[in-house]
Every structure is written in structure tokens, then in C-alpha cells.
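Contents: one structure, followed by commentary.
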Amino acid sequence: MRTVAVVGASLAGLSAARSLRRRGYDGRLVLVGDEPHRPYDRPPLSKEFLTGTVDETDLALETDDEDLGAEWLLGTRAVALDPTTRAVRIAAGREIRADGVVVATGAAARTLHGTRGLTGVHTLRTLDDARALRAQLTPGVRLVVIGAGFVGAGVASTAHGLGLDVTVVEVAPTPLAGPLGAAMGAVVSGLHTDHGVRLLCGVGVKGLSGERRVTAVLLEDGRTVPADVVVAGVGARPCVAWLTGSGIALGDGVTCSAHGSTTLPGVVAVGDCADWYDPRAGRHRRVEHWTSARERADTAVAALPAEGAAQPGAPRPPYFWSDQYGVRIQFAGHAAGADSVTVEEGGAESRDVLAVYRRAGHPVVLGMNRARLFTRWRRQLAAAS
């Protein structure tokens, strides 16, 4: 391959570029990113960056002496991919003809309808989002977080620690029931009430009130929750619209094989936009975790033309972590379809627990403040995969 274009310049794209160079690729390497920033770490945006304990320099994913010999096209968006020439067309009208393409365009935060132009309403996905939100998190401010997923829970935990008055609104009866199941979702989300944060479950948001600035969140059951600041943590959508007409199959993201190959030869996908096939589950899954974005990049790069001779095995089970109210939460695998979940160590009430899910004999593990034991279980899962 003479030219490889990596579309997306965050963790997944950077990891793919590193993997290419590590595998000996010495051709032209172009990274296209729609944000103006060099690759940065996203998990701290809802935690340490909001508290001010880390600054923007600390978020950098590149080392001071790292040189990938790449062309960086930042602050520009890919708008199309030619299926015949594999040319990536960017917003400025320029084309990058490539022998191989890595799609790593990630996902964008979903927004609340009817909030355009209303000050005090935020999402949290990018560095610019975090900058804007941090400026408004001052003690005494009434914050309403809509969505009790991991992003929303992280913001709520951070804001509580900063002295804000925090309410979390979740439409599902049990927060985190999707990724963790109802029983353990209730255990983890109990951290909110443990720390005096109001948690309103099983109710949707009807709208927001306020003329220029938000003043309250209106719930579908008729209640009104006063708010000076609102954060919408209502999920993310994969950034794949630019691939329409490319011949690449699209579903919940870019439809991929178990190794990241797309339906267009010479094009692979990785990161939050990639809907990889999971052989164990017999279906496609889009895994939006930091570790998967980093680890799966090498698998995807190995599937590019001329890079497949030393193709690695299947990726390890997905892993994610979250720090909330001083508790480290870790999870490896998929909880969906589990036949049972048992507490192996600790106690659910104390939020100090190691729980194991089992699905057709395959274990999945959740740890809360059980890092050493969790790590042991995670190694066992990886060895068995």
C-alpha cells in the first residue's frame, strides 16, 4: 500500500496509525479529524478535567517524542468516500486517494429536541463541550443530568463533589439495566442516593423551560425540576452519514466482520462507529469503550490489503471502567442474555462487590472497588475467548 487514510483522529484513529507503523508500514499516512485538536483522552472529561485536577496538556494521547510521519488534516470533515478509487473527499473539496482506509469517525452526542439556542444546556463528548460545561459548574448551582448512563453518572458524581445541587433523571425504571442488568444496575446506580443525589427513575423529559437560559426541566408526569444547568447524557449516534453511497453496509454504525473488515475491500472500521460481528453472540455489536478502541485497532489494521499475513486472533471481551463517588466500577464482557448473576465477593449494599454473570456457561464479571480480584477474572475471560 502506498497511501493509507485514517478518517478520525481520536483514540481509535491514533491507535490504528500506531499499529500501521509498528507493523512496518512505511508509506504515506494521512489522518483526518473534524476537531481542531490533536488526539486527546476522553474519559477524564467528565471527571478530572471538570474538577480542574488535570489540564488540556494532561489529556494528550501522544508522547512528546512521538512521530508517526503522518500528515494531519485537523479541523476538517470527511464528506464522502468513492467506492471505486477509495478516495476520501473532505469538506474543503480536496480528495485523498488511498489504497487502504481506516474509518474511525466515532460517535456524536445526541441532543435534546427543542433546546437550540437555550443557554445552560450541554452535552459532553468533546474537549470543547467540557470547556463550556466546566465554566458553569460552581458551588450551589442546580444541575439536572438527563440520563443515568455512565457519562451522566460521571458528571453527576463530579458535580456533587464540586458542591452543586444535583438531580439525575432517567427514563428507564432501573439505570444501567442495559449494560449491567437490572439487579446490578440498581446496585451501581444506588451510589447516587448513597451520596444524597436525587435520582428520579421511570419518567421521561417533556421539555425544558426558559426563554434565553434554561430554568427548569419539565417531566412527563407533570413535575418540574428547577435547573440552572442541564447536561443531556442520552446516548450517542455513530458518525457514518458521510459513507452513504459508498457501498459500505451501514446499520448501527459501519457493519464489519469479526476483524473489522467492511463490505468494501480495502476499508476497515474501528472505534465507536464500528459495528463488529460478535461470533459468540451471533450478531453485530457496537462497542463504545476506550479499551476496545485501542485494542481492536491492531485487529482492523491487520485486515487491510498486504497487512493480513500476521492477523491476530479475535479481540478480548469488551472492558470498561467508571469512577463514581470514589468507587471504581469495572466490567468485562456482555451482560445481555445472562442466565444468572451471583455475588462472589463483598456485599451489594456496601458497593464493594465482585459479581459474576453466566450465559451458557460463559462468565462475565463486574467489580466495584475490587480491582485485584476483577483483574484476575478478566485475565481468565481473555484466556477463554
Side-chain angles (χ1 to χ4, degrees), residues 1 3-23 25 27-45 49 56-81 86-109 124-131 236-243 246 248 253-254 260 262 267-274 286-301 304:
M1 297 185 295
T3 300
V4 174
V6 179
V7 188
S10 192
L11 174 64
L14 175 64
S15 298
R18 285 171 169 166
S19 180
L20 280 161
R21 292 307 193 204
R22 188 169 56 248
R23 286 173 166 271
Y25 174 70
R28 183 186 180 211
L29 180 58
V30 184
L31 282 94
V32 180
D34 61 350
E35 292 187 64
H37 313 293
R38 300 285 289 203
Y40 60 87
D41 207 13
R42 295 185 191 274
L45 294 181
F49 185 78
E56 294 181 21
T57 303
D58 299 318
L59 298 177
L61 288 172
E62 299 167 278
T63 60
D64 291 340
D65 59 350
E66 185 170 16
D67 183 7
L68 291 171
E71 300 173 36
W72 292 83
L73 303 179
L74 300 178
T76 187
R77 186 181 301 273
V79 296
L81 175 64
R86 283 193 294 269
V88 177
R89 189 161 69 249
I90 59 179
R94 180 179 170 186
E95 281 192 347
I96 304 162
R97 289 181 175 253
D99 304 295
V101 177
V102 179
V103 178
T105 41
L124 184 57
R125 184 79 184 184
T126 69
L127 176 57
D128 292 335
D129 291 340
R131 287 171 174 169
R237 53 175 177 76
C239 298
V240 297
W242 69 283
L243 293 170
S246 68
I248 292 177
V254 180
T262 71
V267 181
V268 299
V270 69
D272 291 359
C273 68
R286 193 164 59 85
V287 179
E288 298 179 83
H289 304 321
W290 188 97
T291 306
S292 294
R294 181 172 58 84
E295 293 181 346
R296 293 190 176 195
D298 191 58
T299 304
V301 163
L304 285 172

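The residues D272 and R125 are annotated as salt-bridged, a charged nitrogen and a carboxylate oxygen being separated by less than 4.0 angstrom. The pair D298-R23 meets the salt-bridge criterion, with a side-chain N (NZ, NE, NH1 or NH2) lying under 4.0 Å from an Asp/Glu carboxylate O.
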Per-pair distances, 0.1 Å, donor-acceptor, side chain in residues 97-107, under 3.5 Å, sequence neighbours excluded:
{"unit_1": "D99", "atom_1": "OD2", "unit_2": "R2", "atom_2": "N", "d": "2.7"}
{"unit_1": "D99", "atom_1": "OD2", "unit_2": "T3", "atom_2": "N", "d": "2.8"}
{"unit_1": "T105", "atom_1": "OG1", "unit_2": "C239", "atom_2": "O", "d": "2.8"}

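Closest approach of A12 to A297, counting heavy atoms only: O-CB, 4.0 Å. When all heavy atoms are compared, the tightest approach of I96 to A5 is CG2-CB, 4.3 Å. Counting all heavy atoms, side chain and backbone alike, L29 lies closest to A17 at CD2-CB, 3.8 Å. Shown here for F49 and L127, the closest heavy-atom pair between the two residues is CZ-CD1, 3.8 Å. Contact record, H37 with L74: O-CD1, 3.8 Å, taken as the closest heavy-atom pair. Here the shortest heavy-atom pairing between A87 and E95 reads CB-OE1, 3.9 Å.
Applying the side-chain contact (heavy atoms from CB on, under 4.5 Å) test between Y40 and each of L14, D58, T57, T126 identifies T126 as the sole match.
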Worked verdict on V270 versus V301 for side chain to side chain contact (heavy atoms under 4.5 Å, CB included): CA-CA 9 Å; V270 69; V301 163; over 6 Å; no
Worked check of side chain to side chain contact (heavy atoms under 4.5 Å, CB included) between Y25 and L304: CA-CA 11 Å; Y25 174 70; L304 285 172; over 6 Å; no
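In this structure, V254 and V267 have side chains that are not in contact, with every pair of non-hydrogen atoms separated by 4.5 Å or more. Here the side chains of L45 and D129 are not in contact, with every heavy-atom distance at 4.5 Å or above. Side-chain atoms of R42 and L11, non-hydrogen and from C-beta on, never get closer than 4.5 Å to each other.
Of the possible polar contacts, one joining the R21 side chain to the L68 backbone as a donor-acceptor pair under 3.5 Å is found.
Rounded to the nearest 0.5 angstrom, T76 OG1 and I90 CD1 are separated by 4.0 Å. In this structure, CD on E295 lies 11.5 Å from NE2 on H289, to the nearest 0.5 angstrom. Atom CD in E35 sits 9.5 Å away from atom CZ in R77 (nearest 0.5 Å). Between atom CH2 of residue W290 and atom OG of residue S15 there is a gap of 7.5 Å, rounded to the nearest 0.5 Å. For the atom pair L61 CG and D41 CG, the distance stands at 5.0 Å (nearest 0.5 Å).
Judged by the 6.0 Å and 45° rule, R38 forms a cation-pi pair with W72.
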